Amino acid sequence: MDHQDQVQDWDDDSSYRSALRRARITMAFALVATLLLLGGVAVALFGVSLFLDLVDSLSP
């Protein structure tokens, strides 16, 4: 196989735009997943803190 056959031919603008669109979609998905994960962690920590305060206030 020739080296030229292995190199992506970016002369075709539509292929470049398609690859760029897929990269942007992947980055957007990763950003949303990260934000959801951080939000879940924040809610979990807040819930644990609230639960511990409730237990502390109800203990004799």
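Please read these numbers as outputs of a predicted model, since none were measured by experiment. All residue numbers in this chain count up from 1 along the given sequence.
Summarising the geometry, atom OG1 belonging to T34 is positioned 9.5 Å from atom CZ belonging to F29; distances are rounded to the nearest 0.5 Å. Interatomic distance, CG of L20 versus CD1 of I25, reported as 10.0 Å (0.5 Å rounding).
Between the side chains of R22 and S18, at least one donor N or O lies within less than 3.5 Å of an accepting N or O.
Taking the side chain as every heavy atom from C-beta outward, L36 and V32 approach each other to under 4.5 Å.
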